[in-house]
S.K.: 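Starting off with a structure, shown below.
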Amino acid sequence: MKTKIIFAPMEGVTGYIYRNAHKKFYGGINRYCSPFIPARAEGALPPKYTKDILPENNQDLEMLPQLLTKDPSQFIHSAKLIHEKYGYSQVDLNLGCPSSTVVSRGRGAGMLDDIDALDRFFDEVFKADGLPLISIKTRIGISFVSEAEDLLKVYNRYPLAEVAVHPRLKDEGYMGNVHLDVFDMFYNDCKHPLIYNGDIRTVSDFENISKKYPDLKGIMIGRGLLADPALAEKICGINDNTDELQKLETFLSYVYDSYFEVFKSEKNSLFKLKELWANLSTRFADDKYKKSLSQIKKSKNIAEYRAACTMFFNI
Ligand SMILES: Cc1cc2nc3c(=O)[nH]c(=O)nc-3n(C[C@H](O)[C@H](O)[C@H](O)COP(=O)(O)O)c2cc1C
């Protein structure tokens with residue numbers, strides 16, 4: 001099986017503007033995912049989120065929309081809407097978001113706290129007619145790795161199209177080592193096509209996971225791709241003969257212009273770019289980059305930002 005490379009959903013970052021820019025400049029991604037969309041039990045999806053899944057904003061790329069809810073009727077209504085109105089054949093459920101505002105309302109990773117309620121959620125969802133394929137993106141528990149076994153039993157009871165696993169607990173946020181021993185259990189016992197997600201930052205990280213788990217349907221990468229938008233190209237051996245930093249500079253400039261075109265606000269567009277730089281800068285730890293990276297971070301307007309970028313890219 002050829003393992004797919006999937007760009008992880010990242011709320012506030014991998015919306016349609018960034019997604020399309022990435023696709024325009026970089027190859028290697030088989031699928032992009034929408035950041036979570038809060039589901040609704042009736043009517044349309046919130047307008048801000050509708051934009052993200054409109055087919056015209058996702059041309060020429062595979063995109064998997066993701067819903068956030070603990071309420072089966074909200075999930076059913078929203079999944080059907082996404083399927084019927086926007087034409088998506090699969091919808092994902094977020095079972096991993098660890099943020100306190102999400103978890104305190106029993107959503108995202110909060111749904112892993114009550115296995116019986118999770119079981120009832122799927123029971124109700126899978127009784128509904130007319131749904132698209134349903135997949136999940138999950139963590140392995142709330143506080144203890146021992147929780148993972150019961151979660152997997154629930155997942156195995158339902159006809160899920162795919163299970164993407166980020167092998168960390170909700171309490172671990174995004175820090176510490178991933179629990180590959182728990183992922184082993186999913187690899188051996190999960191009945192559904194399986195996707196690995198977590199801490200892939202280099203080509204060799206990708207190769208190690210592909211070798212250890214040769215039958216994965218996909219490997220999903222989040223922060224590693226923000227830090228190095230060319231990571232999937234490097235994994236696939238795609239080389240378009242352009243200088244890597246030159247291409248990054250042109251890409252970032254295009255991303256800024258794309259945000260500006262939609263936001264019509266220098267401040268908001270710059271904020272988005274600084275978020276990207278927070279990830280990009282993790283790859284440029286050498287002292288020689290320190291000054292320009294700090295100026296990018298401190299820049300108050302587009303002129304200051306551009307001057308700092310010019311300094312960075314001319315080192
Ligand atoms: C800023 C941020 C936003 C995220 N938003 C989402 C989201 O909307 N849906 C989701 O399933 N996961 C979300 N995640 C989790 C990522 O998809 C991914 O599981 C996590 O970053 C681990 O993978 P990585 O080590 O490759 O980054 C988010 C993570 C971050 C850091």
Side-chain angles (χ1 to χ4, degrees), residues 3-16 18-19 22 28-29 31-39 45-46 48-49 52-53 63-70 75 78 90-103 107-112 134-141 160 162-180 182-183 186 194-206 208-210 216 218-229 231-232 235 271-283:
T3 306
K4 285 183 182 232
I5 304 179
I6 302 169
F7 203 141
M10 303 184 91
E11 208 267 323
V13 189
T14 62
Y16 76 96
Y18 181 85
R19 192 186 303 147
H22 186 270
I29 302 293
R31 177 198 290 170
Y32 292 83
C33 304
S34 82
F36 63 71
I37 300 164
L45 294 169
K48 168 180 155 197
Y49 299 96
D52 205 42
I53 60 167
M63 206 283 277
L64 176 63
Q66 184 188 66
L67 289 172
L68 180 75
T69 179
K70 64 170 183 179
F75 185 87
S78 302
Q90 182 171 328
V91 172
D92 197 56
L93 171 68
N94 182 316
L95 294 172
C97 181
S99 106
S100 53
T101 45
V102 167
V103 169
R107 304 182 299 173
M111 284 179 81
L112 310 180
I134 307 299
S135 56
I136 59 168
K137 177 165 176 286
T138 184
R139 286 185 179 242
I140 54 172
L160 294 165
E162 288 168 353
V163 172
V165 179
H166 176 49
R168 280 197 175 93
L169 298 161
K170 176 242 122 196
D171 287 351
E172 292 171 322
Y174 296 104
M175 307 297 280
N177 290 332
V178 285
H179 298 279
L180 285 188
V182 178
F183 192 79
F186 274 85
L194 190 63
I195 292 164
Y196 172 85
N197 165 235
D199 294 6
I200 303 288
R201 293 192 168 266
T202 62
V203 175
S204 62
D205 290 340
F206 184 93
N208 290 341
I209 290 292
S210 321
L216 288 175
I219 296 181
M220 182 185 275
I221 311 175
R223 292 164 298 174
L225 271 162
L226 297 186
D228 182 2
L231 180 57
I235 290 167
F271 178 81
K272 290 287 184 192
L273 266 289
K274 286 189 187 182
E275 242 177 332
L276 294 182
W277 274 104
N279 287 280
L280 289 163
S281 57
T282 59
R283 268 197 318 131

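Ligands are counted one by one from 1 in listed order, and the atoms in each one are counted from 1 as well.
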S.K.: Taking Asp92 for its side chain and Ile136 for its backbone only, find out whether a donor-acceptor pair lies under 3.5 Å.
M.R.: yes
S.K.: Taking ring pair (Phe, Tyr, Trp, His ring centres under 6.0 Å) as the definition, give me every residue that meets it alongside His179, ordered by chain and number, with sequence neighbours left out.
M.R.: none
S.K.: Check His22, Lys4, Arg19 against Ile29 for a side chain to side chain contact (heavy atoms under 4.5 Å, CB included) and give me the one that passes.
M.R.: His22
S.K.: Could you tell me which residues satisfy side-chain hydrogen bond (donor to acceptor under 3.5 Å, both in side chains) with Arg31, sequence neighbours excluded, listed by chain and number?
M.R.: Glu62, Glu162
S.K.: With heavy-atom distances below 4.5 Å as the criterion, would you say the side chains of Thr14 and Leu225 are in contact?
M.R.: no
S.K.: Around ligand 1, what residues show up once you keep those with a heavy atom under 4.0 Å from it?
M.R.: Ala8, Pro9, Met10, Glu11, Pro35, Phe36, Gln66, Asn94, Lys137, His166, Tyr174, Asn197, Gly198, Asp199, Ile221, Gly222, Arg223
S.K.: Check salt bridge (charged side-chain N to carboxylate O under 4.0 Å, His left out) between Arg168 and all other residues, then give those that pass, not counting sequence neighbours.
M.R.: Asp199
